[in-house]
Amino acid sequence: MTYYVVFEGRVPGVYEEWEECKKQVHKFSGNCYKGYPTRHEAVAKWRAHQAKKSKMKTFLVLSLLLTIVAAVLYFILVSKMLECKRDEITDIGFIDPDTMHVRTIEEPLYNRDTPETLLRFHFILIVIKMYEGEVEVFDSLTKEPILYKSCFLMLKSVWESFIKEDQSFQWAPKLTWRANKKCAKQPKGSDLCGYYVCEYIHRIVSERANNERNKELRRKREKISIEERFKAIGEELAGFFLREVIPPSGEYHYA
């Protein structure tokens with residue numbers, strides 16, 4: 001007896017009769033089916049096919065989530081770059097996180113768009129304080145510094161070359177590495193690291209002055225929920241689009 005597996009058809013599944021299988025695939029564009037000598041083998045092949053499809057759906061969802069977070073992070077960076085330009089803040093600069101991170105340093109040809117890579121992806125913020133000779137890490141999960149070793153070694157090499165070339169200031173001979181233990185932490189089991197990075201950037205640029213207004217903002221922030229804090233990021237992005245993208249006079253308007 002032959003058992004049929006309809007992988008692509010009107011109603012995919014395992015069928016014992018050819019006529020039932022034929023109803024699912026006849027004149028169905030892109031149909032895919034195969035016969036097996038035992039029911040056990042047919043069911044095993046069907047389950048393997050379902051598992052593969054499920055994994056692909058997970059990958060697509062993760063790809064979408066990572067794309068959304070990366071886009072939010074990118075626009076926050078652009079918004080803050082314009083804010084620095086408008087307010088004549090000249091001691092803050094930004095590096096594109098999509099091209100410079102641990103894996104692109106270790107493996108320049110690696111492809112991040114795989115299920116394995118997406119499941120391990122984690123955003124942190126690295127702040128280079130040039131005049132202090134310090135690298136400060138804002139990590140919402142407080143991971144082990146060894147995970148960022150390649151980034152630190154790269155920065156160490158760049159720093160050594162920089163201080164040899166630039167003699168305009170008495171730069172620190174070596175960069176020191178410090179984790180900011182007071183930065184906001186994401187709830188365990190969540191994947192909100194990208195949003196926390198957006199919040200870190202906002203605080204560093206927009207709340208850099210240690211005045212009463214910013215102290216009050218910090219106190220209020222600690223009292224509201226995570227969802228409300230992320231709404232504030234969304235509102236800031238909306239304001240950026242309304243000012244700089246939608247109006248013809250906006251710096252990032254594209255007709």
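- Among residues at least two apart or in separate chains, side-chain hydrogen bond (donor to acceptor under 3.5 Å, both in side chains) pairs with a member in residues 158-170 are Lys156-Glu160, Asp166-Ser168, Asp166-Trp171.
- Going from atom OG1 of Thr2 over to atom NZ of Lys34 covers 12.5 Å, rounded to the nearest 0.5 Å.
- The environment of CD in Glu134 is crowded: more than 12 heavy-atom neighbours from other residues, nucleotides or ligands sit within 6.0 Å.
- Among all heavy-atom pairs drawn from Ile126 and Cys151, the shortest one is CD1-CB, 4.4 Å.
- The side-chain hydrogen bond (donor to acceptor under 3.5 Å, both in side chains) contacts involving residues 36-48 comprise Glu16-Arg39, where partners must be two or more places apart or lie in separate chains.
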task: Might you work through the side-chain contact (heavy atoms from CB on, under 4.5 Å) test for His49 and Lys52, ending with a clear yes or no?
output: CA-CA 5 Å; His49 174 70; Lys52 185 177 179 181; 5.6 Å; no
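- Between the Arg218 side chain and the Glu207 main chain, a donor and an acceptor come within less than 3.5 Å of each other.
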query: Do Val127 and Val135 pass the side-chain contact (heavy atoms from CB on, under 4.5 Å) test, and can you show the C-alpha distance, the side-chain angles, and the key distance before you say yes or no?
result: CA-CA 6 Å; Val127 178; Val135 178; over 6 Å; no
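- The hydrophobic clustering, which links ILVMFWY residues whose side-chain heavy atoms are closer than 4.5 Å, places Phe123 and Leu141 apart.
- In this structure, CZ on Arg221 lies 11.5 Å from CD on Glu216, to the nearest 0.5 angstrom.
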message: Is there a side-chain contact (heavy atoms from CB on, under 4.5 Å) between Lys129 and Arg178? Walk through the geometry before answering.
response: CA-CA 11 Å; Lys129 299 180 178 180; Arg178 183 175 72 86; 3.9 Å; yes
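- The side-chain hydrogen bond (donor to acceptor under 3.5 Å, both in side chains) contacts involving residues 228-248 comprise Lys80-Glu236, Glu199-Arg229, His202-Glu236, Glu228-Lys231, where partners must be two or more places apart or lie in separate chains.
- A single hydrophobic cluster is not seen to contain both Trp18 and Val43; linkage of ILVMFWY side chains at heavy-atom distances under 4.5 Å, directly or through other members, places them apart.
- Here the CG atom belonging to Leu125 is positioned 5.5 Å from the CD1 atom belonging to Ile201, to the nearest 0.5 angstrom.
- Val14 and Val11 sit in two unconnected hydrophobic clusters of ILVMFWY residues. Membership requires side-chain heavy atoms under 4.5 Å apart, directly or through other members.
- The environment of Lys174 atom NZ is sparse: at most 12 non-hydrogen atoms of other residues, nucleotides or ligands sit within 6.0 angstrom.
- Checked by atom type, the side-chain pair Glu8/Asn31 shows no donor-acceptor distance below 3.5 Å.
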field: side-chain contact (heavy atoms from CB on, under 4.5 Å) between Arg10 and Lys23, worked out
entry: CA-CA 8 Å; Arg10 292 181 179 84; Lys23 289 179 183 178; 5.9 Å; no
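- In this structure, Leu155 and Ile128 have side chains that are in contact, with non-hydrogen atoms separated by less than 4.5 Å.
- Atom-to-atom distance recorded for Tyr4:OH and Tyr33:OH is 9.0 Å, nearest 0.5 angstrom.
- Under the 4.5 Å side-chain heavy-atom criterion for Ile, Leu, Val, Met, Phe, Trp and Tyr, Leu153 and Ile146 are members of distinct hydrophobic clusters.
- The CD1 atom of Ile124 sits 12.0 Å away from the CG atom of Asn180 when rounded to the nearest 0.5 Å.
- Contact check for Val197 versus Phe138: no side-chain heavy atoms found under the 4.5 Å cut-off.
- A 4.5 Å side-chain heavy-atom check between Cys183 and Tyr200 finds at least one atom pair inside the cut-off.
- When the side chains of ILVMFWY residues are joined at heavy-atom separations under 4.5 Å, either directly or via intervening members, Leu217 and Tyr196 end up in two distinct hydrophobic clusters.
- Put simply, CZ on Phe169 and CD1 on Ile163 are 12.0 Å apart, with the number rounded to the nearest 0.5 Å.
- Between the side chains of Thr142 and Lys181, no donor-acceptor pair of N or O atoms lies under 3.5 Å.
- You'll find the side chain of Tyr195 stays beyond 4.5 Å of the side chain of Ser140, heavy atoms only.
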